[in-house]
There are 2 protein chains.
Amino acid sequence: MSARPEPRPLSPRASEIVAAARELLEEQGRDALTMRALAERLGIRAPSLYKHLPDKAAVEVALIERGFVELGDALHAAVADSAPSHVVANLLATYRKHALANPGLYRLATSGALPRQRLAPGLDEWAGTPFYLAVGEPHLAQALFSFAHGMVILELDSRYPDGSDLDRTWAEGARAFSSLSP
Amino acid sequence: MSARPEPRPLSPRASEIVAAARELLEEQGRDALTMRALAERLGIRAPSLYKHLPDKAAVEVALIERGFVELGDALHAAVADSAPSHVVANLLATYRKHALANPGLYRLATSGALPRQRLAPGLDEWAGTPFYLAVGEPHLAQALFSFAHGMVILELDSRYPDGSDLDRTWAEGARAFSSLSP
DNA sequence: AACCGTAGGCTAACGGTGTTAGCCGGTCAA
DNA sequence: TTGACCGGCTAACACCGTTAGCCTACGGTT
């Protein structure tokens with residue numbers, strides 16, 4: 001098991017900014033994450049933020065990195081703790097739970113173009129390896145991950161018809177993929 | 001088979017605007033779809049657009065509706081033309097092909113909050129019913145659709161590692177879901 | 001003790017966004 | 001002929017990310 005890539009460390013003040021950004025993101029959504037709003041929450045003015053971080057993308061990158069670390073930790077733990085017969089189900093349940101608990105961060109990290117160049121190298125792949133560990137075959141793992149992401153992002157965006165029994169939908173997906181894994 | 005919900009009709013000039021918006025969207029991406037850029041392409045100024053459409057969201061709604069109609073048509077046709085043993089594979093192939101052929105429109109229609117209130121009622125559900133027709137069970141259908149969307153949106157956003165063999169990943173997913181459908 | 005560099009605030013401003021208010025010319029019907 | 005309205009226009013507003021440049025307070029050096 002390869003070591004977890006670590007995000008580049010931030011100065012203490014930059015960490016405070018990123019923490020405030022996360023609150024703003026989760027409390028009021030992606031559109032509310034504004035340099036001016038972020039500064040106001042810290043009691044300063046927007047241009048002062050640029051003394052600590054180069055631009056808004058850097059704030060987002062820091063948030064995304066933290067999101068991947070937390071999600072990856074949760075998924076690795078889920079796989080490590082699961083009996084083989086329940087790995088897939090447990091992995092999916094963990095994925096869903098974590099994403100729904102941090103919707104703003106999940107969306108930020110997984111929708112739209114990823115600034116891969118600026119991310120800690122290998123971090124996103126590390127966060128995804130539990131899917132491979134769960135099913136033991138790379139393409140099936142990718143398919144399972146795609147299913148999980150599709151489920152989560154559609155749920156977050158309220159794309160399912162009202163009254164959908166998503167628990168059952170997840171269960172059907174788990175059944176489909178479990179039937180192919182060893 | 002229920003009839004296809006029709007988007008509310010637009011005035012001729014509004015249709016021209018939406019057509020130009022689509023070109024802009026596909027040629028230069030979502031961020032380039034700007035009221036000023038859109039107006040310029042039509043040889044007018046941005047505020048004049050508001051004589052024909054109430055706001056930018058109306059432009060997007062019109063685009064999304066057209067996207068759903070086209071995608072739904074393609075998927076319904078794919079299901080109608082497929083032998084039962086190949087329905088799932090054909091449906092997925094059609095979904096992928098259509099989405100990759102219209103990436104800007106697909107992203108616009110499926111990522112982020114959907115202004116359901118403003119969409120032609122039932123249109124998005126109609127576009128999704130081929131998944132039900134293909135597998136014959138609503139939860140499995142929802143899971144299959146989620147898989148397809150996850151695959152497409154991750155491919156569009158270049159989220160898979162370089163060199164991924166996505167054809168095989170799609171095939172694995174098709175295999176997983178086919179193994180559960182009648 | 002005097003100095004100086006720097007860290008970290010600030011205001012003003014620029015170009016971009018969606019959008020509104022208000023003006024004005026042309027067309028077409030009464 | 002007149003009047004309504006369609007569909008352009010300019011000016012402007014509030015917000016966005018971002019830059020330039022100023023200023024103050026503090027820590028270390030001479």
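Worth saying up front: this structure is predicted, and the values here are computed from it rather than measured. In what follows, chains are A, B, ... by sequence order, proteins preceding strands, each numbered from 1.
Taking the six-membered ring for Trp and the full ring otherwise, the centers of B:W126 and B:H76 sit less than 6.0 Å from each other. The distance between the ring centers of B:Y95 and B:W170 does not fall below 6.0 angstrom. With ring centers used as reference points, A:H149 lies under 6.0 Å from A:Y106.
Within residues 22-45 of chain B, the residues approached by DNA chain C to less than 4.0 Å at the level of any non-hydrogen atom are B:L33, B:T34, B:M35, B:R36, in residue-number order.
OP1 and OP2 of D:dC6 both lie 4.0 Å or more from every side-chain N or O belonging to B:R13. The shortest distance between the side-chain N/O atoms of B:H52 and the OP1/OP2 oxygens of D:dG8 is below 4.0 Å. OP1 or OP2 of C:dC10 has at least one side-chain nitrogen or oxygen of A:S48 nearer than 4.0 Å.
The separation between A:L53 atom CG and D:dT19 atom P is 13 Å, rounded to whole Å. At whole-Å resolution of the value, CG in A:L49 and C1' in D:dC16 are 14 Å apart. Taking atom NZ of residue B:K51 and atom C1' of nucleotide C:dT19, one finds them 13 Å apart after rounding to whole Å. Between A:E60 atom CD and D:dT18 atom C1' the separation is 14 Å, expressed in whole Å.
Nearest nucleotide to the side chain of B:Y50, out of D:dC22, D:dG7, C:dT20: C:dT20. Closest to the B:A46 side chain, of the nucleotides C:dG9, C:dT19, D:dT18, is C:dT19. Proximity note for B:P47 (side chain, C-beta onward) versus D:dG21, D:dA11, D:dG7: the nearest is D:dA11.
Residue A:K56 places no side-chain atom within donor-acceptor reach of the base of D:dG17, judged by atom type and a 3.5 Å distance cut-off alone.
Side-chain contact, A:S146 with B:Y160: a donor N or O sits under 3.5 Å from an acceptor N or O.
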For residues 34-45 of chain B, dump all side-chain donor-acceptor pairs below 3.5 Å to protein atoms at least two apart in sequence or in another chain.
from, atom 1, to, atom 2, distance (Å)
B:R41, NH1, B:E23, OE1, 2.7
B:R41, NH2, B:E27, OE1, 2.8

- Message: Under the criterion side chain to side chain donor-acceptor pair (under 3.5 Å), I'd like the reasoning laid out for B:Y132 against B:H139: C-alpha separation, chi angles, the key distance, then a yes or no.
- Response: CA-CA 9 Å; B:Y132 173 72; B:H139 302 93; over 6 Å; no
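Residues A:D55 and A:R118 are paired through a salt bridge, judged by an N-O separation under 4.0 Å between the basic side chain and the carboxylate.
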